[in-house]
Amino acid sequence: MDRRAFLGASARLAALAALGQLAGCVPTQPFKFDKDPFALGVASGDPLADGVVLWTRLAPEPLTGGGMGTTPVDVEWLVARDDAMKAVIRSGTVSALPELAHSVHVEVGGLDPDRVYWYRFRAGGAESPIGRTRTAPAAGTVPQAIRFAFASCQNYAHGYYTAHASLAREDLYAVLFLGDYIYEGTARGDIVREYTKRGWSYSLADYRDRYAQYKADRDLQASHAAFPWIVTWDDHEVENNYAGGIDKEDPRNKAALAERAAGYQAFYEHMPVRAPRPQGPDLKLYRSVGYGELATFFVLDTRQYRSPEIALCQEQDQTPSGYCPASVDPTRTMLGIDQRGWLLKGLSDSAAAWNFVAQSVRFAQQDSNPDATKHTFDGVDNWMGYVADRQLILDRFASTRNPVVLSGDSHVNFVYDLKRDFGDPTSPTVGTELLGTSISSEGDPFVEQTQFTPPAKNPQLRFFDNHRGYVRCTLDAARLSADFRAVSTVRKPTATVSTTATFVVDSGKPGARRA
């Protein structure tokens, strides 16, 4: 290799010390990080029967931009059959690029189905923590059972991640995270933990440092390292209550598109997703993940393509049914035409025994008017503001095997029976919604509330609870069992965990019953 080629190769590696200036000089010993470059931990996600996505980010100065400079760095990855990393079966090298904040996404293939593996990374003389992951069962097989959990809404400022500390100790195949991984802007509400970086300008640097603050949390790192995650987003990954449906050619939308591009870029850089790199304000995130013929998870994006949110309307402006007129406008969409068609076709074609729709916001209808003679369905930021899209899905649920919606966003627990026609009390139940509380958002409840009796105005509501925590599920061919796990506090770094309630959905019998 001539000197020019040698220097070019060394620059790409960026892990070597400076080369000698005279012809014939040999390189010095490989560069050694003087700080841990793996301060943000490791993660895996989007499992297939033969592979999984592995993630890390080099960031020796994680809260101030990363501290990595502008040169690519080669990162070695290893996958082993044992937790001591002795029986390595797959390995390779990937370049951590400065334009992706020195993050890496390794799509490992050639693994056995339905098997636990361990993995780690190496760079600049440093080794990452060891992570544990698991592949999905093979297509055509029906595993005896799978265990998974779902969670959402982890406002760092509102509390410690005691729920993640507990979640990391569970025995699970995977975790579904349903949005609000970070919260943008300055800290608001009852502040338990402060952000290191003050000020917020919706820049890519702001989003990157905010993700780094969250991912530096040891309990969150433990939860990521324990199982593969299947993630989607909600609004706070960009801006509160933002929506798609904006004209990209209109110069008035320049700032909004820049915010979305920055938010999507930082999301991709910090998540173990099997997705293409974002292209400005566009990142295709909706996808399905299969677990043999037992379950298919349809993971939705309820933000990027939705029609803009409507303003809350006054009672005198509502339709006789209790909806704002815009909510029932058939041209309004939550999913966009392409994603909606993909979901409806996927539900129709699915051969799985159970079909989960994993998404971010409340799906069911709920009447908030205390007057027994009047109705108000004013959840304009959830599916009550997009009635036409919801009805198409409910109609499809009527012919889908065991449909279950998994939701977040509300910061409380709900269990709903999903009616084909919510306006008709005698309408058949066609599915179930399990809505999980927040990891930490809104902090500890001032008054703890748990309700099992369906309200007269909302008989479809089977359960309400306002603790913090997550939902742990066990699934087999005959039933789905969901444990609503509650932590005792998020105001302190440690907490106890307990099961507030368990609900069961029996195969072939839409709707939930309390175990």
Side-chain angles (χ1 to χ4, degrees), residues 40 43-48 52-57 94 96-107 152 176-184 202-212 214-215 224 228-249 253-289 297-308 333-343 346 357-361 408-409:
L40 302 183
S44 68
D46 283 0
L48 301 176
V52 70
V53 177
L54 304 182
W55 172 92
T56 194
R57 178 190 168 197
V94 63
L97 303 176
E99 55 265 35
L100 292 177
H102 289 92
S103 65
V104 298
H105 295 73
V106 181
E107 296 192 15
S152 64
L176 291 104
F177 197 85
L178 304 180
D180 291 345
Y181 190 98
I182 64 164
Y183 280 70
E184 87 297 352
Y202 292 97
S203 68
L204 179 56
D206 284 341
Y207 286 107
R208 283 172 169 170
D209 286 347
R210 183 58 53 84
Y211 273 101
Y214 279 58
K215 294 185 80 71
H224 268 299
W229 280 36
I230 302 166
V231 301
T232 189
W233 52 34
D234 195 19
D235 52 343
H236 288 288
E237 285 86 353
V238 176
E239 184 177 6
N240 185 40
N241 290 352
Y242 92 96
I246 56 178
D247 183 358
K248 295 179 182 179
E249 304 302 322
N253 294 327
K254 182 178 180 180
L257 292 170
E259 289 175 11
R260 198 160 84 177
Y264 288 7
Q265 173 84 12
F267 175 90
Y268 175 81
E269 291 170 350
H270 293 86
M271 293 294 109
V273 291
R274 192 183 303 276
R277 286 174 55 172
Q279 302 297 315
D282 297 290
L283 175 60
K284 182 179 177 296
L285 194 61
Y286 63 88
R287 62 208 187 278
S288 62
V289 180
F297 294 90
F298 296 93
V299 184
L300 304 188
D301 173 357
T302 61
R303 284 291 164 186
Q304 187 173 184
Y305 313 107
R306 68 158 68 184
S307 302
T333 177
M334 174 69 89
L335 301 178
I337 296 173
D338 291 344
Q339 182 180 198
R340 183 179 63 205
W342 164 84
L343 174 63
V357 176
Q359 53 92 49
S360 298
V361 295
D409 180 61

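Heavy-atom basis, side chains included; hydrogens, waters and symmetry copies ignored.
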### Query
Could you state the interatomic distance from OG (S307) to CD1 (I246), rounded to the nearest 0.5 Å?
12.5 Å
### Task
Might you point out which heavy atoms bring L176 and A358 nearest each other, and give the distance in Å?
CD2-CB, 3.7 Å
### Minimum heavy-atom distance between A243 and P308, given as atom pair plus value
CB-CA, 3.8 Å
### Residue pair V231, F267: steps toward the side-chain contact (heavy atoms from CB on, under 4.5 Å) verdict
CA-CA 10 Å; V231 301; F267 175 90; 4.0 Å; yes
### Task
Given side-chain contact (heavy atoms from CB on, under 4.5 Å), test D234 with L178 step by step and report yes or no.
CA-CA 7 Å; D234 195 19; L178 304 180; over 6 Å; no
### Check: Y207 ring centre within less than 6.0 Å of H270 ring centre
no
### Task
For residues Q359 and L335, determine if any side-chain heavy atom of one lies less than 4.5 Å from a side-chain heavy atom of the other.
no
### Query
Side chain of Q339, backbone of Y305: donor and acceptor closer than 3.5 Å?
no
### Query
So do D235 and Y242 actually touch side chain to side chain, heavy atoms under 4.5 Å?
yes
### L40 side, atom CG; W55 side, atom CH2 - distance, nearest 0.5 Å
5.5 Å
### Task
Check whether any side-chain N or O of R57 sits under 3.5 Å from a backbone N or O of A101 as a donor-acceptor pair, and report yes or no.
yes
### Message
I'd like to check R340 versus T333 (side-chain heavy atoms, cut-off strictly below 4.5 Å). Are they in contact?
### Response
yes
### Summary
In terms of heavy-atom contacts, W342 and V299 come closest through CH2-O, 4.0 Å
### Side chain proximity check, N240 to E184, heavy atoms < 4.5 angstrom
yes
#### Entry: Min side-chain heavy-atom separation D338-Y286 under 4.5 Å
yes
### Query
Is there side-chain contact between R306 and D301, with heavy atoms separated by less than 4.5 Å?
no
### Query
Among R210, H236, E237, K215, which one satisfies side-chain hydrogen bond (donor to acceptor under 3.5 Å, both in side chains) with Y181?
K215
### Query
Rounded to the nearest 0.5 Å, how far apart are CZ of F177 and OG of S152?
6.0 Å
### Task
Please report the shortest heavy-atom distance between P47 and I230, naming the atom on each side.
CD-CG1, 4.0 Å
### Query
How long is the gap from CD on E99 to NE2 on H102, to the nearest 0.5 Å?
8.5 Å
### Task
Please state whether the rings of H105 and Y268 are parallel, tilted or perpendicular, taking 30° and 60° as the class boundaries.
parallel
#### Entry: Separation between CG of L285 and CE of M271, rounded to the nearest 0.5 Å
10.5 Å
### Summary
Scanning both residues in full, the closest heavy-atom pair of P272 with A43 reads CG-CB, 4.1 Å
### Message
Any salt bridge linking E269 with R208? Criterion: basic side-chain nitrogen under 4.0 Å from a carboxylate oxygen.
### Response
yes
### Task
Give, for atom CG of L300 and atom OG of S360, the distance between the pair rounded to the nearest 0.5 Å.
8.0 Å
### Query
Taking all atoms of both residues into account, what is the closest heavy-atom pair of D282 and Q304, and its distance?
CA-OE1, 3.4 Å
### Query
Going by heavy atoms in the side chains, are V53 and V273 under 4.5 Å from each other?
no
